[in-house]
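When reading the values below, keep in mind they use all heavy atoms of this one structure, side chains included, and skip hydrogens, waters and symmetry mates. Position 1 is the first residue of the sequence, and the numbers go up from there.
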Amino acid sequence: MFKFRLFLAATAVVSLSACLDNDLERGIAGAAAGAVVADAVGGNPLTGAIAGGAAGALCDEIVSVCN
């Protein structure tokens, strides 16, 4: 149940990252969410932070939700 709550919190952070102004802010929010999710599912938080940061920084190029 604890991991599920962490996953929901990370999902909320990622969804709110669309409200941020620039790629740096979205990248930082994505990195934080990626680290939390990776830790919650038993992965490496550093790897999760790298993947989440890249996804956050590049989300406005991939989907129009992040604009």
Side-chain angles (χ1 to χ4, degrees):
M1 186 64 160
F2 180 71
K3 289 182 180 181
F4 181 70
R5 288 182 186 170
L6 283 177
F7 178 73
L8 285 179
T11 303
V13 169
V14 170
S15 66
L16 290 175
S17 69
C19 300
L20 300 175
D21 291 330
N22 58 39
D23 288 342
L24 179 62
E25 292 175 353
R26 287 188 291 269
I28 291 171
V36 168
V37 170
D39 189 45
V41 298
N44 184 347
L46 180 60
T47 304
I50 292 169
L58 298 174
C59 76
D60 63 334
E61 282 84 13
I62 298 169
V63 293
S64 62
V65 175
C66 299
N67 290 335

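Across all non-hydrogen atoms, the minimal contact from Gly56 to Arg26 is O-CB, 3.2 Å. When all heavy atoms are compared, the tightest approach of Ala38 to Asn44 is CB-O, 3.5 Å.
With a 4.5 Å cut-off between side-chain heavy atoms of Ile, Leu, Val, Met, Phe, Trp and Tyr, the cluster of Ile28 takes in Leu24.
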